[in-house]
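So the structure is just underneath, and the comments pick up after that.
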There are 2 protein chains.
Amino acid sequence: MVLTMPSQTKPGEPKSVAVRPPDSREKILEVAEGLFAYGGYAGVGMRQLAATVGLSKSSLFHHFPTKRELYAAMLDRVLSRIAAALDAVSDHDAAPAVRLEEWIDGVVRMLSEDMPAGRLMMRALVDEEPFPAVRLTADAQSDRELMPFEVRLAGIVDRFRALLEEGIAEGVFRPVSIGDSILSVIGAVVFHFSSGDFGEALIGDSIFSHAAVERRRREVSEFIRRGLQA
Amino acid sequence: MVLTMPSQTKPGEPKSVAVRPPDSREKILEVAEGLFAYGGYAGVGMRQLAATVGLSKSSLFHHFPTKRELYAAMLDRVLSRIAAALDAVSDHDAAPAVRLEEWIDGVVRMLSEDMPAGRLMMRALVDEEPFPAVRLTADAQSDRELMPFEVRLAGIVDRFRALLEEGIAEGVFRPVSIGDSILSVIGAVVFHFSSGDFGEALIGDSIFSHAAVERRRREVSEFIRRGLQA
DNA sequence: GTCTATAGTGAGATAGAC
DNA sequence: GTCTATCTCACTATAGAC
C-alpha cells in the first residue's frame with residue numbers, strides 16, 4: 001500500500017487553488033470532537049451534533065455518508081495532531097533518552113492544550129474495533145486521504161518502539177518488555193489527560209492547569225527515566 | 001459519614017437466613033458486565049441485555065427501576081471485587097514498599113482473571129459523572145447497601161494515598177506527587193487490562209494470557225519500584 | 001417474578017425541493 | 001450545500017395479565 005502525499009502542485013492542472021476551503025466539514029469535525037470526547041460514539045447523536053454545529057441533520061449526512069465515517073474522520077484528525085506534535089520535536093537525532101524525554105514533554109504539552117484529544121484517544125484505544133478500517137474519498141475529486149485508524153496509530157507506536165529498541169541496543173535502557181513499556185507510557189500520559197473529574201479530585205486541581213501540567217511533565221519524565229535506565 | 005458494615009447477625013431477628021437468594025438479579029448484573037464492558041453505557045440497550053440474559057425487557061425493569069441504576073449496581077459489584085482483591089493481600093503490616101508491590105500483584109492478578117473489570121473501571125473513570133450518586137434499597141427488606149461509586153472509589157484510592165504518604169514519611173519513597181503517582185499506577189495497571197486489541201497488537205499475545213500477565217506483573221512492579229525508590 | 005403489548009421518544013438515514 | 005419532511009427502527013420505560 002502506497003501512502004501518497006496529496007501531490008499538490010501538478011503542473012498543467014490549474015486547480016484554482018482552493019487554499020481556503022469553505023470549511024463546513026472542518027467545523028463539523030471540530031464540534032464533533034468536543035461532543036464525542038465527553039459522550040463517546042454511542043452517546044452522541046447526529047441530531048445533537050447537528051444542533052450544536054448549527055446545521056440540519058441532513059447537512060451532516062451530506063458531508064459524511066454515515067455516522068461512523070464522520071467519527072473516523074474526526075479520530076483521524078486527532079491522531080494527525082498527535083503525530084504532528086511528535087514530528088515537531090524529533091527532527092534531530094539526539095540520544096534515545098533525550099529524544100524520549102522530548103517526546104513525552106511534547107505529547108504532555110500537546111494533550112494539555114488540546115482537551116478533547118486525550119479523551120478521544122483513550123476511548124479509541126479502549127473501544128474494540130477502533131473505528132474503523134475506513135476507506136474514504138478514493139475518488140479523484142478530493143485530496144484528503146484518510147488513513148485507517150490502525151495504520152496511523154501503528155505509525156506513532158512504531159516510532160516509540162524503534163526508540164526503545166535503539167536505547168536497549170545501546171545499553172542505555174534496561175532490557176524492558178517493549179510492548180509493556182509502551183502501554184505503561186500511554187497509561188501514564190494519555191490516561192492522565194482523559195481522567196477528567198477523577199484526576200481533578202485526585203490532584204486537587206484541574207488536570208489542565210498550568211501548574212498541574214508542568215508537574216505532570218516532571219513526574220512522568222522522572223518515572224520513565226528511572227524505569228528505563230540501565 | 002459512618003460506613004457501617006451490613007450488621008449481619010443482629011440477635012433476636014431470625015431473618016430466615018436467605019443464604020441463597022434466587023439470583024435473577026445477580027445473573028442480570030453478570031451479563032451486564034460483559035456487555036457494558038465492550039459497548040459502554042450508551043452502546044448497550046436494555047433490549048439487548050434482556051435478550052442476552054434470557055429475560056424480557058420488563059423483567060429487567062422489575063429488578064432495576066432504570067437503566068442507570070442497573071449500571072450503577074453493576075459498577076458497584078465490580079468495584080467491590082477490586083476492593084476485595086486489595087483486602088486479600090493487605091492484612092499484615094509490612095513495609096510500604098512490600099505492601100505496595102503486593103497490592104499491585106494482587107490487582108494485576110485480579111484484573112487478569114476478571115476480564116470485564118478493567119474495561120469497566122476505565123470507562124467509569126473516563127466518563128464524567130461516574131454513574132451516579134445512586135441510592136438503592138434504603139428499605140429494610142434488603143441488606144444490600146450500594147455505595148455511591150465515588151465513595152467506594154475514594155476508599156480504594158485513599159488506601160493508596162496513605163501507603164504512599166507513609167513511605168514518603170519514612171524516607172523509603174522519594175517525595176513524589178501523590179495524586180500523579182496514583183494516576184500513573186492506575187494508568188499502568190488498569191489501562192493495560194482494558195486495552196484489548198490494541199494491547200494485544202502491541203505485545204503480540206493476548207493481554208490475558210498467563211505469560212503476558214506474569215510479565216506485566218514484573219514489568220509494572222519494577223517500573224513503580226524504581227519510580228518511587230528514594 | 002415473569003410475561004405480552006404498547007407508549008413515547010430519539011436514533012440513523014433518505015428524498016427531494018431550493 | 002442547505003433545508004424540511006419523512007422513513008424505519010431501537011431505545012427507555014410503563015401497564016397490566018398470569
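Residue numbers start from 1 in every chain, and the chains themselves are labelled A, B, ... in the order their sequence lines are given, proteins ahead of strands.
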(message) Treating primed atoms plus P, OP1 and OP2 as sugar-phosphate and everything else as base, which nucleotides of nucleotides 11-18 of chain D get B, S or - for protein heavy atoms under 4.0 Å?
(response) BBBBB---

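OP1 or OP2 of D:dT2 sits under 4.0 Å from a side-chain N or O of A:H63. For A:S59 and D:dC3, the shortest distance from a side-chain N or O to OP1 or OP2 is below 4.0 Å.
Separating the CG atom of A:L35 from the P atom of C:dA11 is a distance of 12 Å, rounded to the nearest angstrom. What separates CG of B:L60 from C1' of C:dC3 is a distance of 13 Å, to the nearest Å. The distance between atom NE2 of B:H62 and atom C1' of C:dT4, rounded to the nearest whole Å, is 16 Å. B:L55 places its CG atom 8 Å from the C1' atom of C:dT2, with the value rounded to the nearest Å.
Partners of B:R81 under the side chain to side chain donor-acceptor pair (under 3.5 Å) rule, at least two apart in sequence or in another chain, are B:E33, B:D114. Residues passing the side chain to side chain donor-acceptor pair (under 3.5 Å) test with B:R217, sequence neighbours excluded: B:D105, B:E214. Listed by chain and number, the residues in a side chain to side chain contact (heavy atoms under 4.5 Å, CB included) with A:V31 are A:L35, A:L49, A:T52, A:V53 (sequence neighbours excluded). Residues passing the side chain to side chain donor-acceptor pair (under 3.5 Å) test with A:R119, sequence neighbours excluded: B:E128. Considering only residues two or more places apart in sequence or on other chains, B:F193 meets the ring-ring contact (aromatic ring centres under 6.0 Å, His included) condition with B:F208.
Cation-pi geometry between A:K67 and A:F61 is not met at under 6.0 angstrom from the ring centre and within 45 degrees of the axis.
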